[in-house]
Amino acid sequence: MNTRVQRIVFWCLFAGIVAMGSLLAFHRQHFRNGVASLAEDTPLDAPTASTEPITLLLANDADGTVTATNRQIALPQEVTARVRSLLDHLNAEYALPGSAHPLPPGAMVDDVFLLPLPIVGHAQDNSASASTSADPSATTADNPPSTPVASTDPGALQPQSPGGELAVVNLRSNFVSQHPSGVEVESLTLLSIIGTLHANVPQIEQVRFLVDGQPHETLAGHADLLRTYPTRDTSVAANSPSEKKGK
């Protein structure tokens with residue numbers, strides 16, 4: 001009788017081991033398929049064979065910091081495609097298992113537009129002497145020279161250096177809709193994007209955000225997406241992007 005019971009127990013244990021092994025194999029394959037799907041959804045392969053050193057400003061939810069991290073990545077040469085690929089690589093880091101700032105997988109942005117920051121006004125120099133040049137476009141008493149002047153509007157978009165640009169980052173709606181909600185986690189995402197742009201494309205002086213080509217109040221209920229952000233070094237703990245009042 002004991003022998004019969006022992007056999008039953010043995011075969012039950014054996015069946016349990018086989019079932020557990022099958023379950024582990026299934027989950028392993030499911031995880032591999034998920035990683036493969038992530039690789040297909042995120043266009044990381046740039047149209048160039050050579051890699052180059054770039055700097056990603058990676059956020060850490062545990063201590064609320066954004067830290068510069070070096071990577072060797074192949075990027076396109078065309079500047080707007082380069083910026084878009086850079087941000088897709090940034091989000092791919094956050095989609096990896098064990099990320100310190102987990103975000104939904106897939107592409108972060110649809111488009112990135114780089115716009116030259118405008119000269120905001122001109123002042124005419126009426127003291128200039130008239131020109132006798134036959135060139136009709138030359139400076140004359142009726143057409144005095146002009147010099148760029150700064151705007152009296154403190155909110156005006158003005159370049160801080162020659163060639164300064166405004167980056168308009170058009171986020172994907174599915175990225176925004178799946179982004180975790182919270183003051184710190186949203187602020188860290190914006191600081192990471194802004195800091196990465198600052199580190200790799202220094203002519204970008206200011207950043208604005210759209211969602212599917214339209215203005216959007218917040219990232220996920222807190223961090224303000226309607227303001228223009230100046231780029232800056234965010235490799236140390238920095239002031240969080242403005243929150244929407246009443247949120």
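Every value quoted in this text rests on a predicted model; they were computed, and no experiment measured them.
Side-chain contact between Val176 and Thr218 is absent, with no heavy-atom pair separated by less than 4.5 Å. Counting only heavy atoms from C-beta outward, the side chains of Ile193 and Met108 approach each other to under 4.5 Å. A heavy-atom distance below 4.5 Å is not found between the side chains of Phe209 and Leu219. Contact annotation: the side chain of Leu225 never approaches that of Pro215 to less than 4.5 Å [non-hydrogen atoms, C-beta and beyond]. A heavy-atom distance below 4.5 Å is not found between the side chains of Val83 and Asn200.
A single hydrophobic cluster is seen to contain both Val207 and Leu86, as judged by linkage of ILVMFWY side chains at heavy-atom distances under 4.5 Å, directly or through other members.
Shown here are the side-chain hydrogen bond (donor to acceptor under 3.5 Å, both in side chains) partners of Glu93, two or more places apart in sequence or in another chain: Arg71. For Asp110, the salt bridge (charged side-chain N to carboxylate O under 4.0 Å, His left out) partners are Arg172, not counting sequence neighbours. A search for side chain to side chain contact (heavy atoms under 4.5 Å, CB included) contacts involving Asn60 returns Ala62, Asp63, Thr65, Ala100, not counting sequence neighbours. For Gln72, the side chain to side chain contact (heavy atoms under 4.5 Å, CB included) partners two or more places apart in sequence, or in a different chain, are Thr51, Pro53.
Looking at every heavy atom in both residues, Ala59 comes nearest to Leu188 through CB-CB, 3.8 Å. Shortest non-hydrogen contact noted between His89 and Ile73 is NE2-CG2, 3.2 Å. The two residues Val211 and Ser173 come nearest to each other via the heavy atoms CG1-CA, 3.8 Å. What you find for Arg208 and Arg227 is that their closest heavy atoms are NE-O, 3.8 Å. Pro180 and Pro102 make their closest contact through CG-O, 3.9 Å (heavy atoms, listed as atom of the first residue, atom of the second, distance). For the pair Asn91 and Pro104, the tightest heavy-atom approach, listed with the atom from each and the gap, is ND2-O, 3.1 Å.
With Ser192 contributing its side chain and Leu57 its backbone, the two residues share a donor-acceptor pair below 3.5 Å. Judged by distance alone, with hydrogens and angles left aside, the side-chain atoms of Glu186 form a donor-acceptor pair with the main-chain N or O of Ala220 at under 3.5 Å. Side chain of Gln206 to backbone of Thr228: no donor-acceptor contact under 3.5 angstrom is found. No donor-acceptor pair under 3.5 Å is formed between the side chain of Asp61 and the backbone N or O of Val185. Counting only distance, with no hydrogens or angles, the side chain of Asn170 and the backbone of Val109 share no donor-acceptor pair below 3.5 Å. Proximity of a side-chain donor or acceptor of Ser177 to a complementary backbone N or O of Asn174 within less than 3.5 Å is detected.
Residues Thr189 and Tyr94 have side chains that never bring a donor and an acceptor to within less than 3.5 angstrom of each other. Side chain to side chain, Glu78 and Thr80 meet the donor-acceptor criterion of an N or O pair below 3.5 Å. Donor-acceptor pairing under 3.5 Å is lacking for the side chains of Ser187 and His222.
Each of Asn70, Thr69, Thr196, Leu75 was scored for a side chain to side chain contact (heavy atoms under 4.5 Å, CB included) with Ile54, with one residue passing: Leu75.
Put simply, OG1 on Thr67 and CG on Leu56 are 12.0 Å apart, with the number rounded to the nearest 0.5 Å. Considering CG of Leu58 and CG of Leu191, their distance stands at 13.0 Å, rounded to 0.5 Å. Residue Leu166 holds its CG atom at 10.0 Å from CD of Glu205, rounded to the nearest 0.5 Å. Of the inter-residue distances, the one linking Glu217 atom CD with Leu226 atom CG reads 6.0 Å to the nearest 0.5 angstrom.
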Please step through side chain to side chain contact (heavy atoms under 4.5 Å, CB included) for the pair Val112 and Leu197, ending with a clear verdict. CA-CA 11 Å; Val112 178; Leu197 294 178; 6.0 Å; no

When the side chains of residues 13-21 are checked against the rest of the protein, which donor-acceptor pairs come out under 3.5 Å, sequence neighbours left out?
none

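Pairs of residues two or more places apart, or lying in two chains, never qualify as salt bridge (charged side-chain N to carboxylate O under 4.0 Å, His left out) while including a residue from residues 192-201.
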